[in-house]
Amino acid sequence: MISNKEIARILRNVAVCYELTEENPFKIIAYNKAADEIENLNIEAYDLWREGKLKKVPGVGPSIHSHLEEIFKKGKSKHFEEVFSKVPASIFPILELQGVGPKKAYKLVTELHLTNPETAVDDLKKAADEGKIAPLKTFGETSQKDILEAIGFYKRRKGSMQRMPLPYAYKTAQTLMDYLKEIPEVEKIETTGSLRRMVSTIGDIDIAVATRNPEKVVKHFVNYSGKLKLIEQGPSGASIILNNGKQVDLRVCLPQTFGSMLQYFTGSKNHNIHLREYALKKGLSLSEYGIKPLKKLQSFKDPKLQRYNRKLGLYEFQEEKDFYEALGMEWITPELREDRGEIIASINHKLPRLVTIKDIKGDLQIHSSYNLEPSHDLGKNSMEEIAQRAKELDYEYVAYTDHNPGISNHSESKINSIMKRRFNYIEQLKESIKSVRILNMLEVDIVGNGTLSLPNQSFDFVDAVLVGIHSSFEMTRDEMTKRIIKGLSHPKAKILAHPTSRIINQRDPVDADWEKIFKFCRQQGKAVEINAHPNRLDLDSTLIIEGKKIGVKFSLGTDSHDTETMGFMHYGVTFARKGWLTRGDILNCMDYNKLLEWLHR
DNA sequence: GCCGTTTTCGGCCCGACTGTTTTCAGTCG
């Protein structure tokens with residue numbers, strides 16, 4: 001089956017060919033838009049097509065649909081093959097290079113005779129090393145040097161360069177922002193881009209600054225001691241590469257336009273495109289500088305919302321909230337700005353009241369140091385210390401969810417006795433700890449064939465269990481789906497822990513039919529976890545949205561192995577918010593009695 | 001090539017920076 005990413009790549013390549021063959025420019029935009037839409041789908045385009053729903057994807061009209069249909073049926077499209085045949089195949093690898101687009105790639109490939117797509121990048125490097133790029137028309141010494149650098153960057157990226165996990169990006173940004181704030185000219189400062197939207201992994205760090213002295217702020221920024229390399233610098237911003245290889249983009253503006261600047265650079269790209277399309281219908285043109293009426297002066301409902309800049313002919317916004325309100329919309333929290341229906345919801349004033357960290361009444365995945373000779377790692381802190389920390393976090397309750405005792409090195413009766421001992425210990429603890437309510441739970445492996453690695457009798461010694469996959473990640477979708485559903489079928493299995501079992505930058509999510517699993521969970525009263533650990537962040541927001549549509553309950557857990565990481569709950573909340581969840585969708589927003597009732601159902 | 005609660009035809013998001021140029025094309029976000 002062809003992946004969405006692969007389809008998007010093909011559509012973008014078609015757009016590149018059209019650009020080189022000077023097709024209608026809007027046709028090129030159309031192909032790129034269709035590629036964006038398909039790449040951002042949270043369901044396989046192939047599956048949509050089989051269900052006859054592919055036509056409903058925005059940007060996929062009759063023409064693109066028919067070509068894709070041909071690809072799904074025959075593996076290729078005659079029309080696309082023809083289009084590709086008009087352009088040398090070597091341009092596509094070259095296009096991967098920073099700063100090289102279709103026009104430059106075409107020129108390089110034809111003039112330097114780079115005929116082999118497999119070796120095109122290496123051949124290009126050789127040509128650059130020999131000084132053959134600089135003499136080409138519209139190129140020069142600088143371009144040649146830039147291309148060599150881009151090739152170096154491309155090779156490193158192919159190797160180990162990865163997107164940053166959210167907390168790493170957050171910390172890097174904080175350090176840099178502290179540095180920027182050293183000069184008094186920085187009046188306001190915020191992260192923008194994917195970091196402000198709290199996407200699970202971050203490519204570049206984006207920062208916006210409000211200042212009356214842009215020049216000084218930009219200068220201060222490019223003098224940062226952690227800078228490896230300057231990419232570009234201008235009056236309204238600059239970009240640098242840090243010593244750790246990560247790119248940072250800075251944008252500066254006057255305080256009176258900070259609101260529109262923040263809005264613009266927070267994105268996402270698709271959010272902004274659709275916001276602009278909506279504004280345009282109202283005769284308004286949006287930019288990072290404000291809102292410009294296209295024809296005669298439009299008067300906004302509340303004149304206090306903005307100031308009019310006569311010289312530029314636009315309304316300026318100090319606050320982002322006012323920018324959205326001037327368009328007749330509610331302010332949209334950055335987590336939702338992924339173009340998943342938030343614009344319409346905002347126009348209709350129907351944005352959900354999203355869950356916040358204050359709504360969380362307990363943590364539903366924590367590993368203690370209580371030694372039940374588990375199959376996986378123990379936690380570092382005792383049950384008492386965990387309870388103490390839960391109290392500090394102002395929780396009403398906390399769940400101990402240690403891994404089940406190992407089944408390979410223990411007999412069933414031995415496991416039962418370990419579990420009984422643990423049960424008694426926790427019962428005692430409940431007597432001595434009154435500040436926090438305690439849930440006696442366990443995280444149990446779903447082994448390859450779908451059975452749980454805990455003897456049936458041992459289930460008597462817990463309130464409920466989380467079940468999860470910790471081995472045999474490579475299975476077909478059907479097998480994996482059956483395995484997960486079978487694992488969840490035990491009456492005491494109430495929560496599916498870290499559902500896709502992905503580990504960011506290390507392990508891909510498992511392949512399963514989530515629609516089927518979510519439907520099972522809704523019918524059988526099971527919850528799916530949003531694992532707040534920053535290396536997992538699992539489920540991802542796209543799947544949370546799917547689950548919510550089906551009506552599944554969610555459970556937030558930090559998967560902590562020490563009391564320190566219990567503080568990561570806010571990442572879980574962030575993901576719940578990105579998934580449009582409200583209090584009512586989440587188990588740990590219930591009070592203790594309600595939750596216990598739910599678990600014992 | 002796509003799209004529509006002002007349109008089934010006539011529009012399509014907006015601006016910054018760089019290098020190679022003498023006013024702009026290409027690329028990026």
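Residue numbers start from 1 in every chain, and the chains themselves are labelled A, B, ... in the order their sequence lines are given, proteins ahead of strands.
- Taking atom C1' on both nucleotides, dC13(B) is separated from dG29(B) by 12 Å, rounded to a whole Å.
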Pairwise N/O distances under 3.5 Å, protein to nucleotides 14-16 of chain B:
| residue | atom | partner | partner atom | Å |
| --- | --- | --- | --- | --- |
| dC14(B) | OP1 | S285(A) | OG | 2.8 |
| dC14(B) | O4' | R276(A) | NH1 | 2.4 |
| dA16(B) | OP1 | Y289(A) | OH | 2.9 |
| dA16(B) | O3' | S236(A) | OG | 2.9 |

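- Checked options R12(A), R9(A), K5(A); the residue passing with E39(A) is R12(A) (criterion: salt bridge (charged side-chain N to carboxylate O under 4.0 Å, His left out)).
- Within a heavy-atom distance below 4.0 Å of DNA chain B, the residues of residues 10-35 of chain A found are Y18(A), N24(A), F26(A), K27(A), A30(A), Y31(A).
- The side chain of K103(A) contributes an N or O atom lying less than 4.0 Å from OP1 or OP2 of dG26(B).
- Within the 4.0 Å cut-off from OP1 or OP2 of dA25(B), not a single side-chain nitrogen or oxygen of T138(A) is found.
- Base contact: K281(A) has a heavy atom under 4.0 Å from a base atom.
- Between dT18(B) and T142(A), no contact under 4.0 Å exists linking OP1 or OP2 to a side-chain N or O.
- dG26(B) is paired with dC17(B) under the criterion used here, namely a Watson-Crick or G-U wobble arrangement in which both key atom distances are under 3.5 Å.
- If you take atom C1' in dG15(B) and the same atom in dC9(B), they sit 29 Å apart, rounded to whole Å.
- Nucleotide dC2(B) holds its C1' atom 11 Å from the CD atom of E37(A), rounded to whole Å.
- Summary of the strand contacts: D204(A) and N272(A) both lie near DNA chain B, and taking for each the nucleotide with the nearest heavy atom, the more 5' one is attributed to N272(A).
- Across the C1' atoms, dT23(B) and dT18(B) are found 15 Å apart, a figure rounded to whole Å.
- Side-chain contact check for L250(A) versus I240(A): every heavy-atom pair is 4.5 Å or farther apart.
- Spacing of C1' atoms, dC2(B) relative to dT7(B), comes out at 14 Å, to the nearest Å.
- Rounded to whole Å, the distance from CG on D146(A) to P on dC17(B) is 17 Å.
- Judged purely by atom type and a 3.5 angstrom limit, S346(A) uses its side chain to pair as donor or acceptor with the backbone of E330(A).
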